[in-house]
Amino acid sequence: MKIKSQEDFWAGMMFVAFGILAIVVARNYPMGSALRMGPGYFPTYLGALLIVIGVATTALSLRVKG
């Protein structure tokens, strides 16, 4: 497996790292529910979205020459 786009690879890793950080910081906050969101709801789902974007960007960096 060879990295074809260094910039995309490291950008994807950065998205994943920030997503993990957001989830770790929000783990001590109450989640609530979709109807009554707690303070941990938004950072947790935002962190999960960042991880998904990061994985997609990293995967593309292995396939597409940047």
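By convention here, the first residue in the shown sequence is residue 1.
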Roughly how far apart are [X] [atom1] and [Y] [atom2], rounded to 0.5 Å?
X     : Y     : atom1 : atom2 : answer
Phe42 : Leu49 : CZ    : CG    : 9.0 Å
Ile53 : Thr58 : CD1   : OG1   : 11.5 Å
Thr57 : Met14 : OG1   : CE    : 9.5 Å
Lys2  : Ser61 : NZ    : OG    : 13.0 Å

Remaining members of the apolar cluster that contains Ile51, side-chain heavy atoms under 4.5 Å =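 When side chains under 4.5 Å apart are linked, the cluster holding Ile51 also contains Val16, Ile20, Ile23, Val24, Val55.
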
ask   = Does any non-hydrogen side-chain atom of Lys4 lie less than 4.5 Å from one of Leu62?
value =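 In short, these two side chains do not touch, never coming nearer than 4.5 Å.
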
message = Testing the basics here: between Pro43 and Ala22, what is the closest heavy-atom pair and its distance to 0.1 Å?
response = O-CB, 3.8 Å

Considering all heavy atoms, the nearest Thr44-Ala26 contact = OG1-CB, 3.6 Å

query = How would you list, by chain and number, every residue that makes a ring-ring contact (aromatic ring centres under 6.0 Å, His included) with Tyr41, sequence neighbours excluded?
reply =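 In terms of ring-ring contact (aromatic ring centres under 6.0 Å, His included), with neighbours along the sequence ignored, Tyr41 is linked to Tyr45.
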
ask   = Quick one: do Phe15 and Val52 end up in the same hydrophobic cluster if we chain Ile, Leu, Val, Met, Phe, Trp and Tyr together by side-chain heavy atoms under 4.5 Å apart?
value = no

